[in-house]
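Here the structure comes first, spelled out in structure tokens, and everything after it is commentary.
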There are 2 protein chains.
Amino acid sequence: MTVSHSTPALEFDAPETVLNALRSSGLRVSTARRIVVHTLFAARGPLGAEEIATGLDGRRPQLDVASVYRNLETLERLGAVRHLHVGHGPGRYVLAGSGEREYLACDRCGELVEVDPGELDGVRAEIRERFGHEVRFTHFPIVGRCANCRQGGG
Amino acid sequence: MTVSHSTPALEFDAPETVLNALRSSGLRVSTARRIVVHTLFAARGPLGAEEIATGLDGRRPQLDVASVYRNLETLERLGAVRHLHVGHGPGRYVLAGSGEREYLACDRCGELVEVDPGELDGVRAEIRERFGHEVRFTHFPIVGRCANCRQGGG
DNA sequence: ATACTTGCAAATGATTTGCCAGTGT
DNA sequence: ACACTGGCAAATCATTTGCAAGTAT
């Protein structure tokens with residue numbers, strides 16, 4: 001897009017956007033943070049802290065996990081990152097981008113589907129009516145058996 | 001009910017029912033198992049392994065947690081017990097009774113609501129139509145903010 | 001130069017496992 | 001008696017924290 005945008009509230013759409021947010025908060029832009037941010041931008045979905053520490057290719061231990069966790073927490077406080085818990089596995093982190101994202105996971109194949117905005121509004125409304133709870137499947141996704149796995153799929 | 005029942009498939013409705021299931025499976029009815037089973041029957045909801053080990057009153061360490069976990073697993077294999085994961089906390093175990101139960105949890109006050117059978121059929125149907133996933137909120141409950149907590153309630 | 005950051009080790013919390021002594025059948 | 005169980009300690013996994021050394025500003 002060639003549209004001139006006047007710095008929309010908080011749109012972390014590129015690595016620099018996030019790094020600038022760090023600077024603006026008086027925090028430092030360290031090598032470790034660059035790596036965490038770039039790794040998240042290079043990912044195609046939520047990543048575990050271990051994956052970030054090891055690098056997407058799983059080869060080199062680019063960072064200590066402890067540092068990864070500390071930085072992910074810092075980035076979450078800035079609103080640039082969020083995380084979710086899929087089944088039993090470790091927490092998984094994603095760039096917050098322009099907003100929250102809801103997920104649907106398969107408890108057999110582990111597939112994690114990102115739900116389009118609004119697609120769960122009906123579900124949300126029904127649950128709110130019946131129980132009064134306001135639900136959001138952003139931090140704890142809906143867990144079920146996907147169509148493929150349901151039919152014995154492998 | 002005073003209805004004469006001809007041993008309905010698997011209805012674990014009393015401590016002895018479960019203990020008999022153990023015997024029938026060639027497993028032993030040990031003191032530890034009696035305690036686990038009785039504690040679960042005495043509970044008003046899903047319990048953590050630690051609570052079972054310590055006793056509902058939290059006083060005496062009646063059993064070693066390791067034994068509790070081992071026995072809970074055994075009981076789950078028998079179909080007498082099942083467990084769920086609420087938010088970040090430890091796993092929580094319940095008697096399976098006559099069937100599965102779905103839950104709804106509040107991420108603020110921690111309240112765990114047992115959903116009446118069928119109450120989530122609409123939700124289930126909608127999710128299945130849209131995504132093809134067959135969902136069941138028995139192992140991973142729906143997480144949200146309950147009505148009371150939503151309005152600043154405390 | 002100074003405060004923020006990092007790596008490494010040790011601590012936590014939940015759950016599992018090895019091992020040998022104890023016990024249900 | 002004998003195999004199944006229990007307690008206790010040690011191991012695992014994910015995550016956090018303490019601390020001294022390193023670095024961004």
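When reading the values below, keep in mind they use all heavy atoms of this one structure, side chains included, and skip hydrogens, waters and symmetry mates.
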Counting side-chain heavy atoms from C-beta on, which of D:dA14, D:dG6, C:dC8 comes nearest to A:D64? C:dC8
How long is the line joining CD of B:E50 and P of C:dA14, in whole Å? 7 Å
Do B:H85 and A:H85 get their side chains close enough for a donor-acceptor pair, meaning under 3.5 Å? no
Contact state string [nucleotides 20-25 of chain C, B base, S sugar-phosphate only, - no protein heavy atom under 4.0 Å]: ---BBS
Would the distance check show the side chain of B:T39 and the main-chain N or O of B:I35 forming a donor-acceptor pair, the cut-off being under 3.5 Å? yes
State whether the distance check finds a donor on one side and an acceptor on the other, under 3.5 Å, for side chain A:R70 versus base C:dG7. yes
Can you list everything that forms a ring pair (Phe, Tyr, Trp, His ring centres under 6.0 Å) with A:Y93? Sequence neighbours excluded, please. A:H83
Nearest-nucleotide pick for B:R33, side chain only, options being D:dC8, D:dA14, D:dT5: D:dT5
Strictly below 4.0 Å: does B:N71 bring a side-chain N or O up to OP1 or OP2 of D:dT5? no
Rounded to the nearest angstrom, tell me the gap between atom NE2 in B:H85 and atom P in D:dA14. 14 Å
Sugar-phosphate only, base, or nothing, as touched by B:G91 at under 4.0 Å among non-hydrogen atoms: sugar-phosphate
Looking across every strand, which nucleic acid part, if any, lies under 4.0 Å from B:A66 by heavy atom: base, sugar-phosphate, or nothing? base
